[in-house]
> 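Could you have a look at this structure, given as structure tokens, before my questions?
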There are 2 protein chains.
Amino acid sequence: MLQINYMIKSNDQETEARILDAARSVFLRRGTAGARMAEIAEEAGVNQALLHYYFRSKAGLAEAVFQRAARDLFPPVLRTLASDAPLEEKVREVVVLELDTLRDNPFLPGYVLAEMNHHPERVGQFVASLTGVSLETVGPRVFDRLGAQIEEAVEAGEMRPIPPEQFVINLLSLCIFPFAARPMLMAVTGMDDAGFRAMIERRKAELPEFFLRGLRP
Amino acid sequence: MLQINYMIKSNDQETEARILDAARSVFLRRGTAGARMAEIAEEAGVNQALLHYYFRSKAGLAEAVFQRAARDLFPPVLRTLASDAPLEEKVREVVVLELDTLRDNPFLPGYVLAEMNHHPERVGQFVASLTGVSLETVGPRVFDRLGAQIEEAVEAGEMRPIPPEQFVINLLSLCIFPFAARPMLMAVTGMDDAGFRAMIERRKAELPEFFLRGLRP
DNA sequence: GTCTATATTGTGATAGAC
DNA sequence: GTCTATCACAATATAGAC
């Protein structure tokens with residue numbers, strides 16, 4: 001009796017998490033506009049009315065899911081890039097970090113990129129939330145630190161000059177795009193899931209060198 | 001009178017094109033699931049019923065728009081890559097081709113990537129339509145030709161070995177991703193539209209060298 | 001907190017006049 | 001070919017019992 005009572009009471013928290021997980025799964029696969037509350041409820045194993053009890057509206061759920069997804073995709077990389085580690089080490093670290101994350105969440109890039117394009121207003125809001133401060137602080141912080149390191153390396157004759165923005169864009173492009181274009185790549189090359197994973201593993205090993213060679217004088 | 005009569009008669013063709021253009025514009029911005037037939041009709045300057053007269057259903061319109069968009073995004077590049085031009089020339093050509101296309105259609109990548117993720121079944125269909133033949137012919141044709149050229153260059157000591165798939169993935173990543181991630185890039189860096197275009201122009205000049213250096217021994 | 005039943009709107013699609 | 005008016009249903013959201 002006590003046991004049962006305890007379990008019921010604890011459900012409120014656990015249920016909310018289950019709903020959020022189900023919502024994430026459905027939103028990532030179908031996109032926000034294509035997602036159906038009924039499907040989320042079913043996947044969470046609860047009634048549809050409960051979704052509204054916890055998140056008020058579909059928009060509320062969508063907001064929560066997008067914030068979480070964007071946090072999974074970008075901040076770890078940006079934090080790494082803003083650190084004090086040597087440049088080459090940063091590159092290797094970002095590649096492994098990003099490729100491992102996306103191997104486990106292959107729908108993440110497609111979803112986040114699509115949402116950003118469909119709801120540009122959410123992007124500023126998200127960027128602001130990264131530091132809790134205003135929009136203008138995140139970018140500069142990463143790019144200033146990176147720019148200084150690049151300048152150092154250039155003066156030491158180890159590297160060509162490159163704007164830090166282009167540095168970041170190139171690196172993220174090479175990591176993220178293959179996942180966003182996964183269905184097309186699989187269709188064109190005839191890869192299956194295992195083949196795709198193998199291709200990604202290979203990238204993990206060779207991408208850092210490819211990227212760094214491209215920057216050398 | 002004759003004039004008016006002529007214009008009315010010619011409208012059927014012109015109207016269908018106007019609708020398709022409007023549909024493209026709305027679908028690209030909102031995604032298929034998020035697009036509204038009413039908005040398309042308004043943007044085309046016609047009544048909503050006309051959309052059904054010409055395209056039967058929303059799915060019909062969506063199909064037409066996706067085919068056209070995917071054709072704009074991929075085939076020119078694949079054709080270039082499968083040509084007989086020297087490898088380095090191909091790279092320069094692809095970069096200019098792709099960056100110019102996307103400068104004029106910044107929503108294209110986000111839309112196509114999203115649709116592919118949400119409707120993987122359409123991808124095979126599209127790939128098949130590229131040659132009119134079966135799915136297995138397009139990929140190999142590009143990759144075989146490219147693989148041979150790479151092998152040549154490797155034996156001449158001009159290049160490191162790299163699987164042709166990775167070659168293509170890297171090249172497309174560097175061209176396409178910045179547009180797919182445009183809203184995020186603009187928010188993080190504080191760029192406006194002009195700044196983004198300037199950034200792309202800079203890439204057009206520097207991307208080929210960066211890419212090719214990354215492949216040299 | 002969780003459910004069933006129901007209200008309310010949004011949205012794709014059709015009928016039929018012009 | 002093009003419009004207005006309307007239908008039919010899908011999908012979000014709420015009321016209220018348990």
Side-chain angles (χ1 to χ4, degrees), chain A residues 1-66 115 118-119 122, chain B residues 1-66 115 118-119 122:
Chain A
M1 234 356 168
L2 237 170
Q3 173 69 8
I4 286 169
N5 199 26
Y6 169 76
M7 284 180 67
I8 288 173
K9 278 189 180 171
S10 80
N11 254 4
D12 51 350
Q13 224 201 35
E14 192 201 293
T15 302
E16 180 167 352
R18 261 217 325 284
I19 291 175
L20 194 60
D21 284 345
R24 179 186 153 100
S25 160
V26 173
F27 277 118
L28 288 225
R29 270 182 289 116
R30 308 224 185 275
T32 300
R36 295 291 161 252
M37 298 294 272
E39 189 178 358
I40 296 173
E42 190 191 14
E43 193 158 324
V46 299
N47 188 277
Q48 199 172 334
L50 262 201
L51 309 194
H52 292 92
Y53 174 78
Y54 282 107
F55 295 92
R56 208 183 63 86
S57 67
K58 181 182 177 182
L61 250 184
E63 182 61 27
V65 169
F66 176 75
E115 287 307 304
H118 300 334
H119 303 286
R122 277 198 190 148
Chain B
M1 231 4 169
L2 236 169
Q3 172 71 9
I4 286 169
N5 198 26
Y6 169 76
M7 285 181 66
I8 288 174
K9 278 190 178 170
S10 79
N11 253 4
D12 51 350
Q13 223 200 36
E14 192 201 292
T15 303
E16 180 168 351
R18 262 218 325 285
I19 291 175
L20 195 59
D21 284 344
R24 179 188 154 99
S25 160
V26 173
F27 276 119
L28 289 225
R29 269 183 289 116
R30 307 223 187 274
T32 300
R36 294 292 160 253
M37 297 295 272
E39 189 178 359
I40 296 173
E42 189 191 16
E43 192 158 323
V46 301
N47 187 276
Q48 197 173 336
L50 263 202
L51 310 194
H52 291 93
Y53 174 78
Y54 282 107
F55 294 92
R56 209 182 62 87
S57 66
K58 182 182 177 182
L61 252 184
E63 181 62 25
V65 169
F66 176 74
E115 287 308 305
H118 300 334
H119 303 286
R122 277 200 190 146

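First the proteins, then the strands, lettered A, B, ... as listed; each starts at 1.
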> What parts of residues 29-41 of chain A reach DNA chain D, counting only heavy atoms under 4.0 Å away?
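Those residues whose heavy atoms fall under 4.0 Å from DNA chain D, taken from residues 29-41 of chain A in numerical order, are A:Ala35, A:Arg36, A:Met37.
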
> Over all heavy atoms of both residues, which pair between A:Leu61 and A:Leu51 is shortest? Give the atoms and the distance, please.
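Minimum heavy-atom separation between A:Leu61 and A:Leu51: CD1-CD1, 4.5 Å.
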
> Report yes if a side-chain nitrogen or oxygen of A:Thr15 is closer than 4.0 Å to either non-bridging phosphate oxygen (OP1 or OP2) of C:dG1; otherwise report no.
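False: A:Thr15 side-chain N/O out of range (4.0 Å or more) of C:dG1 OP1/OP2.
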
> Under 3.5 Å between N/O atoms: give me all the protein pairs with nucleotides 3-7 of chain D, atom names plus distance.
| residue | atom | partner | partner atom | Å |
| --- | --- | --- | --- | --- |
| D:dC3 | OP2 | B:Asn47 | N | 2.8 |
| D:dT4 | OP2 | B:Asn47 | ND2 | 3.0 |

> What residues form a side-chain hydrogen bond (donor to acceptor under 3.5 Å, both in side chains) with B:Asn47, not counting sequence neighbours?
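side-chain hydrogen bond (donor to acceptor under 3.5 Å, both in side chains) check on B:Asn47 returns nothing, list empty.
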
> Atom CZ in A:Arg122, atom CD in A:Glu63: separation rounded to 0.5 Å?
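If we round to the nearest 0.5 Å, A:Arg122:CZ and A:Glu63:CD are 5.0 Å apart.
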
> Tell me which donor-acceptor pairs under 3.5 Å the side chains of residues 24-42 of chain A have, and how far apart each pair is, sequence neighbours excluded?
| residue | atom | partner | partner atom | Å |
| --- | --- | --- | --- | --- |
| A:Arg24 | NH1 | A:Asp72 | OD2 | 2.9 |
| A:Arg24 | NH2 | A:Asn105 | OD1 | 2.8 |
| A:Ser25 | OG | A:Arg29 | NH2 | 3.1 |
| A:Ser25 | OG | A:Glu43 | OE2 | 2.6 |
| A:Arg29 | NH2 | A:Glu43 | OE1 | 3.0 |
| A:Arg30 | NE | A:Glu39 | OE1 | 2.8 |
| A:Arg30 | NE | A:Glu39 | OE2 | 3.4 |
| A:Arg30 | NH2 | A:Glu39 | OE2 | 3.1 |
| A:Thr32 | OG1 | A:Glu115 | OE1 | 2.9 |
| A:Thr32 | OG1 | A:Glu115 | OE2 | 2.9 |
| A:Arg36 | NH1 | A:Ala33 | O | 3.4 |

> Counting only heavy atoms and a strict 4.0 angstrom limit, can you tell me which residues of residues 51-66 of chain A come near DNA chain C?
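By residue number: A:Tyr53, A:Tyr54.
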
> With the threshold set at under 4.0 Å for non-hydrogen atoms, list the residues of residues 19-27 of chain A touching DNA chain C in residue-number order.
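The stretch gives none, as no residue of it lies under 4.0 Å from the strand.
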
> Nearest 0.5 Å, what's the CG-CZ distance between A:Leu20 and A:Arg18?
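Rounded to the nearest 0.5 Å, the CG-CZ separation comes out at 12.5 Å.
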
